[in-house]
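Sequence lines set the chain letters: A, B, ... in the order given, protein chains first and strands last, and positions in each chain run from 1. These values consider heavy atoms only, across backbone and side chains, with no hydrogens, waters or symmetry-generated copies.
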Amino acid sequence: MSDILVLGAGIAGMSAALDLANAGLGVYLLDKEKEIGGKAAHYACKAGSNCRKCSACLVPYIKYQLERHPNVRILPFSLCTDLQGEPGHFRASVRLLNEKRQDLGAETTLEVRALVVATGFDLYDPTPKEEFGYGRHRNVITALELEQALWGFPALSAAFGENLRRIGFIQCVGSRDAQNGYPYCSRICCGYSARQALKLESDLPGADITLFYQDRQTFGKGPGFFRRELGSHTHIRPVRGLPAKIFRYPRDELTVRYTDIEQGQVREEGFDLVVLCPAVIPARSGPDTFPALGLERDQNGFYLERDVGVSSRKGIFLAGTCQGPKDIPQSIAHAKAAVGRILRYLA
Amino acid sequence: MPVPRPSEGSGSFFAVNSAVLVVGDGPPAEAAVSALRAHPVFWVGATAEPGPHVMAYADESVAEVRGQRGRFRVQLEGKQGKLWLECGNVVLAPSLQRTLDPSWHLPESRLAVSVSRAARLAVERGPVVFLLGGGETEGYFSALTALREAVCLAARQVEVYFFFADLGVSWPGLEEVHQEARRLGVRFIRISDTSAFRVAEEGGFLRVRYTDAYLPGSPEFSLTATYVFAGEVGLPGSDFAELARTFRIDRDRWGFLQSDNVRLFPVRTNRPGVYVLGEARGPAFAGEAGLDAAAIAGETAPFLAGEILVAEPWLRVDPARCSFCLECDRYCPAVALEVHRARKTVAINPLACLGCGICAGVCPEHAIAYPGPETKSGRRQGKTIVFACEKSGYLAAQSIPLPAWAATLEMIPLPCAGRLDEGMVLRALAQGAVQVIVSACREQCCHYSSGERLAEEKVRALKEHLGSMGLNPGRVTLVRASANAPREWLGLVREIIAGDGTGPGETGMEKCAKT
Ligand code: SF4
Ligand code: SF4
Ligand code: SF4
Ligand code: SF4
């Protein structure tokens, strides 16, 4: 019997697995994808002349260590379908998938003493927000799509066209929106949109970048991340206020209509690329992802925690964004908290 | 140095002290003490009622620190004299010095006070005005208290106006409190310019005036308020510098107790076994200290067993070669060297050592051996040797299929680019290598705080050295790219290889400096 099964190999699951393994426990690290790393595995480096402190480059090294760790068994392309037994002695059914993520029918049972749920988050699908035309207009994309294009292959221009001079970001898409989306603040998008803007500024000299936002949330070290990081960049323009609509008519270009709150005017402006920053939402459990495991959820659908890292069910611990939106350092902190709880629980 | 007990695998157990020293007198320290309830805790600066696991030292302060992670020896100084404590880990949790956010230009008045006082005042009637997120603070510092107080007042039918520039609502549940406040009739007014805001005391009330400079012709807003509650800002006080000196840890440019390096986020310092949390490490919501404290409890939990397994190989100093020059101690990012001045010896503490190999690279006597592939011999005719940091460039190169032109590359991983020593590069060139590339982390993102800067210095010195020998200094070049930037890494390397042989000079570095 191994000690721990970690469900989900994103940043939180990977850090929990590594810390547990370093503490001498045997760990199964399971993920439905071929490669471990989760969403953050293809986040780009946002450094210009300096590192911009996005933390994304931590992922490859944690992965590198896990792949060589004698206490870790990585189970890629796997689904946990069921959990039996009692705290201290769980039996988890695991099924294997193929490259197309179809069930191969092979099933094994893992016996473990405790479970870490690190199943991460989903991104809100902006399609229902018809005013933005996501899925209808070319070059209206999500920040995750941009992140992957910045990561490398194909290059930005191959993905979105040669002529990228006017780029807009729309923040809070589906967040802070109790009527048509989710009521909470997603916590991460203010920071990543600013960093992506800075990256685009250095990758696409001369491009003009507009950030449509409501409030700037706190990021990074030191006071005033936004004023400090964006203040002196003449090609990045923060505009307070979220756009009402994106359309392609009558001019054949993405036209964004917005109210500039500070100027009190309705404006229309053309863009070559519009990046939506969708809400961080609870990952949906189900037959193709992971079992619900009988864990209680909070009013927003994230897993409820009794104490930091402790789920509603004995012997099952929580790490990362399955408990609520978090950036990379916060996910790591949460994973470490869960590790502390497990070590004390098993002692 | 502690005496190791060999384990069955490759590594040894070291006896460690499970006690934790917590330094600080505010809510962050309280969070730490409570999260560490499984450990014996020494609490210097104790304010709250400590639990049974706590020894409180309310009037003492830390005078001196010796030893390393696993076994720190800390001297306290107080009215009763001095005493020594032993602990395995340390948590630094000082509070920031808070002042009213100066960007609102409030008058001296007992009616215009900080948000944190709102709960303690019996407010009978309104209108009450809240001012938040005006300056550099993005409103995080007092947002929790301000929004909750606004809800309480509004629920009691008190008229509330809430002026803000940025509303920090990213703490879990806070946006919901904000929405609740709106439902209860709190009037939220977003302003663009705090300098156009005026508050003055007039006969037992406060007169609040505001004209929106950006909206030409907009009327002046004016009201008479019973109270004005403004947000606070916090800055590191002199105790931060004092703690950093005593514990030999780096601070960031604002004075917080953690350098601005993602490898340390959220709770580590450059020194293993010394942790920081909440507002001591940077801007944080009040509740964030709780998450950080739980994370620290995760880092210290393995110490509860009383011994720690440290995997081999660990580095050792050869006493026969060591000349006690202390270069290793000067450059070690982790303060991992135990220096015995009387005996004139140094030793590397395996519990504190991060394994970067920087000491091995700077030791003029080659007294520290770092086993690794860099010592390989062989013929390198026509090759480009890349000494690549194992945390950045090496991983970037591994993450993608390399194009055909890259066949001439020979990748040699180093634990850190700062581990490089002159000998390695000169040996590679002597073996026939056309080019040597040193691949380091991005600026301010080194796994070991200063390794990338050290690598840059060494490459500069090597270029001079090659020049003075009549060789082309362009044959050794530094590039910087992080592990998740394979395209950039490949581009930089290609540019160097494509050079015409007279040497691309500083191409790599210039490229980085430009972007
Ligand atoms: S910008 Fe992000 S990915 Fe790039 S070096 Fe800094 S933390 Fe790493
Ligand atoms: S982090 Fe910023 S962009 Fe994201 S939901 Fe919160 S306020 Fe909106
Ligand atoms: S750098 Fe080398 S010679 Fe100098 S003190 Fe350290 S081990 Fe001894
Ligand atoms: S290997 Fe690095 S951390 Fe260890 S003693 Fe040497 S310089 Fe310090």
- Sort B/A311 into side chain, backbone, both or neither according to what part of it lies under 4.5 angstrom from a heavy atom of chain A. neither
- Item | Contacting region of A/L150 [heavy-atom separation from chain B under 4.5 Å] | backbone
- Best-contacting candidate, B/G282, B/P283, B/S392, against chain A by heavy atom pairs under 4.5 angstrom: B/P283
- Task: Give, as side chain, backbone, both or neither, the part of B/D260 having an atom under 4.5 angstrom from any heavy atom of chain A.
- Result: both
- At a heavy-atom separation under 4.5 Å, does A/A44 approach chain B through its side chain, its backbone, both, or neither? backbone
- Where on A/Y43 is there a heavy atom nearer than 4.5 Å to chain B: the side chain, the backbone, both, or neither? backbone
- Task: Rounded to the nearest 0.5 Å, what's the gap from CH2 on B/W254 to CG on B/L235? Could you check?
- Result: 12.5 Å
- Query: With only heavy atoms counted, which part of B/Q258 is less than 4.5 Å from chain A, the side chain, the backbone, both or neither?
  - Reply: both
- Message: Shorter than 4.5 Å, heavy atoms on both sides: which option in A/D215, A/V339, A/I342 has the most such pairs with chain B?
- Response: A/D215
- Residue, of B/Q179, B/E299, B/H178, B/Q398, that accumulates the most heavy atom pairs under 4.5 Å with chain A: B/E299
- Query: Taking 4.0 angstrom as the limit, do B/E279 and B/R98 come out as a salt bridge?
  - Reply: yes
- Message: What part of A/C54 gets within 4.5 angstrom of chain B, counting heavy atoms only: side chain, backbone, both, or neither?
- Response: backbone
- Message: Would you compute the distance between atom SG of A/C190 and atom CZ of A/R216 and round it to the nearest 0.5 angstrom?
- Response: 9.0 Å
- Can you tell which part of A/E201 gets under 4.5 Å to a heavy atom of chain B, answering side chain, backbone, both or neither? neither
- Measuring heavy-atom distances to chain B, does A/K199 have an atom under 4.5 Å in its side chain, in its backbone, in both, or in neither? side chain
- Do A/Q214 and A/Q171 have side-chain atoms, one donor and one acceptor, less than 3.5 Å apart? no
- Would you confirm whether the ring centroid of A/Y345 sits within less than 6.0 angstrom of the ring centroid of A/F317? yes
- Message: Using heavy-atom distances under 4.5 Å, tell me whether B/E390 contacts chain A through its side chain, its backbone, both, or neither.
- Response: both
- Message: If I measure from the heavy atoms of chain B, does A/N22 come under 4.5 Å with its side chain, its backbone, both, or neither?
- Response: neither
- So, B/N261 and B/S259: side-chain donor and acceptor under 3.5 Å apart, yes or no? no
- Query: Among side-chain atoms of B/Y448 and B/K391, is any donor-acceptor pair under 3.5 angstrom?
  - Reply: yes
- Message: Using heavy-atom distances under 4.5 Å, tell me whether A/R187 contacts chain B through its side chain, its backbone, both, or neither.
- Response: both
- Query: Checking salt bridge (charged side-chain N to carboxylate O under 4.0 Å, His left out) for the pair A/K53/B/D252: CA distance, chi angles, key distance, verdict?
  - Reply: CA-CA 13 Å; A/K53 318 294 152 64; B/D252 65 15; over 6 Å; no
- Does B/R263 come within less than 4.0 Å of B/E452, counting only side-chain N to carboxylate O? no
- Looking at A/G24, A/P70, A/P183, A/A23, which one has more heavy-atom pairs under 4.5 Å with chain B than the rest? A/P183
- So which part of A/Q330 gets closer than 4.5 Å to some heavy atom of chain B, the side chain, the backbone, both or neither? both
- Give a yes-or-no answer on whether the side chains of A/N300 and B/E176 include a donor-acceptor pair shorter than 3.5 Å. yes
